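Reviewing the structure listed below.
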Amino acid sequence: MNFATMTDWKDQILSKLNEPQQQAVQTVRGPLLILAGAGSGKTRTIIHRMAYIIHVEKVPAHYLAAVTFTNKAAAEMRSRLLNTAGPIGSECTVRTFHSLGLYLLRRNAQYLEYPENFSIWDDSDQQQAISAILEKFPGKFNKTQYRYFANSISAFKDKLVTPQNLPDHIDLDEYEFNDILQEVYQLYEARKTASFAVDFADLISLPCHLFEKFPELLTRWQNRYPFWLIDEYQDTNFAQYKFVQHVASRDKNLCVVGDDDQAIYGWRGADVKNILDFGTDFKDATVIKLEENYRSTKVILDIANGVIENNYERMAKHLFTSREGGETPVLFTAADDVQEAAKVVSLVRQSLTDTPASEIAVLYRTNSQSRLLEEAMLNAKINYRVYGGLSFFARKEIKDILAYFKLIVNGKDEAAFARVINTPPRGIGDKSVEKILTARIDSRIGDFTDLLAQGDQNGLSGKARDAAAKLAEQLKALRKKAEARADLGFFLDELLEMTGLAKVYEEEDRLLGSGRMEYVGELRNSLLNYQRQTSQATLGDYLQQISLITTTEDHEAEKASVSLMTVHNAKGLEFETVIIAGFEKDLFPHFLAERDGDISEERRLFYVAVTRAKSRLYLTQAERRMRQGFYEQSKTSPFLNEIPHGLLRVEKGYSVGGSAPKPFKQSFIPRAPAAAKPTASSSPGFGSGINPQNKGGKFSSGDKILHSNFGKGRVLRLEGDGDSQRIHILFDDGKTRKFILKFTDLKII
DNA sequence: CACCACGCCGTTTTT
DNA sequence: CGGCGTGGTG
Ligand SMILES: Nc1ncnc2c1ncn2[C@@H]1O[C@H](COP(=O)(O)OP(=O)(O)OP(=O)(O)O)[C@@H](O)[C@H]1O
């Protein structure tokens, strides 16, 4: 490349930036902090700075490592980098912290004395291990308690606290189960190591420990990546902070960007001090503030600023926009959550007339809000995509199959074994599993497939022994295929056939319409995509790749779809139209935060939500909302009072399509039957179809019945007694409905 | 050991 | 509401 081209690059890159951004981009060496408000171009600056370092400073692109928080942000950054820096941008490393940690561990597994194909345990694997450990302790523990142990252990790791150094760093008095917590942590680590597994928190903490223990590894990484850029630095936890300190400590070419007003992961151990103290950590740090917001209209920005000013201990910031005026944001109130969803849909519809679907987002505080919204979008035939929530990979059929994959790749993975051993049911129940696990210790046969094959050593007899031998054969055959690098699509089919999983799923789909095979098909797509994109595709690599994914990617679908996600998931993104649903007290801010007496993080979350919007912002609330089976009244979010006067239009008394609001609860309490003709009944004492005095004794599970409104069905069960006794009926339309027996017009047929 | 019906119970955010 | 553990039955 000649000088003229270099100047072109320089001009081109700088021309896209304002003055402080240019200054940041040209600060190539040494520590640099960009601390700035929402939409001020922090991410844009990171990307242009990378392009500048590559094209103007002539640093090889593979020397640059950029770290983001979510996969979505990483993908976004990669594609924007390609746009800005050209194809060479793909040589930069752009990853999440977790993906970077995994990358390090996989390539340095020998330091852990692990094989390259170690397993990654998700939350449920973790809890399963902990429940197994707790069985050996006196007392009974429930799921909430397993989760407490799992969360505490993860929190320890986020602080780089090990079972050994725990007493030096942790005041156990502040914890539940403090008499056994440390021991459980230690046993958990031992069990995980025996399974050749790492958990999520390990992906950050283990690299830190390895850096300290093996200086040559650290040096290699410092040589490999002399330039570091960290996005959303305000949300780093201690382990992530240390990771960054390690890799950047020698060359100090470290650029961190963030916004203390957008710190929303305190509950996960993130500490905003990491960004506030950057100047102390690096005495010669350059600090740059960006003050112009290029994203939002003035009114949107004023709302965000007005609310966030209610927080204390902020770094003072000015933020202005030249997008004067703009549409006034509106708050809509619906009678209940169902109608709120309908209103959201009508707002989306309206916005779709001049805005592409990909520029519209519906944001909410909790994942459970997504269901009604999804149903409403589905009904309205609007393309949408839900990000986060219950992951594809959390589905039963997918976990079943992946457990097989894991056990085939890593024969010592106890979590995978625990699932595979009796999925589908093959006559090896809890008792037999216990025998196998005991025999495993006695026989010192660590590989589960070998153990299952050894009928004389695995402690089993009779039917269970035969079933185990058969499973071992299947696993061996499959392992051979995996090692021979069979096509992954065929491999999946083979597995489904051989193990009988296909049969079980197909049967369930036929009888219950559970759609499992459809999801299995999605898994096949995922395998084939991976295989197409990867030159050295292996099952082990696939498993590690997908362990970090929460939402399956589908770029084509994304372009034409409205986005539904939690506010947390929307961090770093932007949309023309943003609808924030559930703007209610006890929901946003969440009541648990309020209970704990500090809603400042909720306020920051609201600030993040509002500042995602470029041009249009709507808030919606429901006057009552279904909660644990019952409707509850809700009040408007207290954040309403923090929005400066005149910036938000409040619309009350709205109803769908301009008609009167539907009577509340219509769909839950069936109408008292009109004067229907008395119908003959085979059931004694069931005088008339309009007699509301049904008695519980008359019906029992399995009875075929006729309902005056819903037609024929079958009684599933009766619940409770007396006047409030309820009856559950599965109707021929496939829907289950519940009624209060007393008021229900039913007869046995 | 597998299956199913019953009843209990919980409220958040994620890599 | 909906998810999950459990206890009874075949
Ligand atoms: N100098 C500029 N000229 C034109 N547009 C800009 C400029 N700087 C930023 N933008 C645009 O403003 C919007 C916000 O930028 P960006 O996403 O980088 O902000 P951010 O500070 O990372 O935001 P947040 O903290 O909210 O995630 C983007 O659409 C970006 O392209």
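Just so you know, these numbers come straight off a predicted model, no measurement behind them. Below, read A as the first sequence line, B as the second, and so on, with proteins coming before strands; counting in each chain starts at 1.
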Candidate nucleotides dT11(B), dT12(B), dT15(B), ranked by approach to the side chain of T366(A) - the nearest
dT12(B)

I need the CG-P distance between N367(A) and dT15(B), as an integer number of Å.
10 Å

What is the distance, rounded to the nearest whole Å, between atom CZ of F392(A) and atom C1' of dT15(B)?
19 Å

Should the heavy atoms of other residues, nucleotides or ligands under 6.0 Å from CG of D596(A) be counted, would the total exceed 12?
yes

Can you tell me how far C1' in dT12(B) sits from the matching atom in dG5(C), rounded to whole Å?
24 Å

When you look at OH of Y519(A), are more than 12 heavy atoms from neighbouring residues, nucleotides or ligands closer to it than 6.0 Å?
no

Please state how far atom NZ in K157(A) lies from atom C1' in dT14(B), giving the value in whole angstrom units.
17 Å

Could you check whether F243(A) and F211(A) have their ring centres less than 6.0 Å apart?
yes

Can you measure R147(A) atom CZ to dT12(B) atom P for me and round it to whole angstrom units?
9 Å

For nucleotides 4-10 of chain C, read 5' to 3', which letter fits each nucleotide if B means a protein heavy atom sits under 4.0 Å from the base, S means only the sugar-phosphate is that close, and - means neither?
-SS----

From the list dT12(B), dC1(B), dT15(B), which nucleotide is the closest neighbour of the side chain of K431(A)?
dC1(B)

Atom-to-atom span, CZ of F97(A) to P of dT14(B) - whole angstrom:
19 Å

Using the side-chain heavy atoms of R371(A), tell me which of these nucleotides is nearest: dT11(B), dG2(C), dC1(B).
dG2(C)

Taking the six-membered ring for Trp, are the ring centroids of F639(A) and F583(A) within less than 6.0 Å of each other?
no

Closest nucleotide of DNA chain B for R595(A) versus for L548(A): which of these residues is on the 5' side?
R595(A)

Here the residues of residues 564-573 of chain A within 4.0 Å heavy-atom distance, strictly under, of DNA chain B are T566(A), H568(A), N569(A)

With rounding to the closest Å, how many angstrom separate the C1' atoms on dT11(B) and dT6(C)?
23 Å

Using the benzene-type ring in the case of Trp, are the ring centres of Y530(A) and Y542(A) under 6.0 Å apart?
yes

Centroid under 5.5 Å and tilt under 30°, W267(A) to dT13(B)
yes

Taking the six-membered ring for Trp, does H590(A) stack with dT12(B) (centroid gap under 5.5 Å, planes within less than 30°)?
yes

Taking the side chain of S432(A) as heavy atoms from C-beta outward, which of dC1(B), dG10(B), dT15(B) is closest to it?
dC1(B)

Do other residues, nucleotides or ligands put more than 12 heavy atoms under 6.0 Å from K396(A) NZ?
yes

Using heavy atoms to find the nearest nucleotide of DNA chain B for V433(A) and E632(A) separately, return the residue whose nucleotide is more 5′.
V433(A)

With a 6.0 Å cut-off on the ring centroids, do Y146(A) and F141(A) count as close?
no

note: K435(A), atom NZ; dC1(B), atom C1'; distance rounded to Å ~ 12 Å

If you check the T96(A) side chain, which of dC1(B), dT12(B), dT15(B) turns out closest?
dT15(B)

Would you indicate, yes or no, if dC1(C) has its OP1 or OP2 atom less than 4.0 angstrom from a side-chain nitrogen or oxygen of S368(A)?
no

Does one side chain, of S124(A) or K399(A), offer a donor that lies under 3.5 Å from an acceptor on the other?
yes

To the nearest angstrom, how far is D235(A) atom CG from dT15(B) atom P?
12 Å

Knowing that exactly one of K635(A), R625(A), Q621(A), R624(A) qualifies, which makes a side chain to side chain donor-acceptor pair (under 3.5 Å) with E584(A)?
R625(A)

State yes or no: are the ring centers of Y188(A) and F149(A) separated by less than 6.0 Å?
no

Measuring centre to centre across the rings, with the benzene-like ring taken for any Trp, is Y265(A) within less than 6.0 Å of F69(A)?
yes

Give one of base, sugar-phosphate or nothing for D586(A), where a contact means two heavy atoms less than 4.0 Å apart.
nothing

Let me know the distance between CZ of F588(A) and P of dT12(B), rounded to the nearest Å.
15 Å

From C-beta outward on R365(A), which listed nucleotide comes closest to its side chain: dG10(B), dT12(B), dA2(B)?
dT12(B)

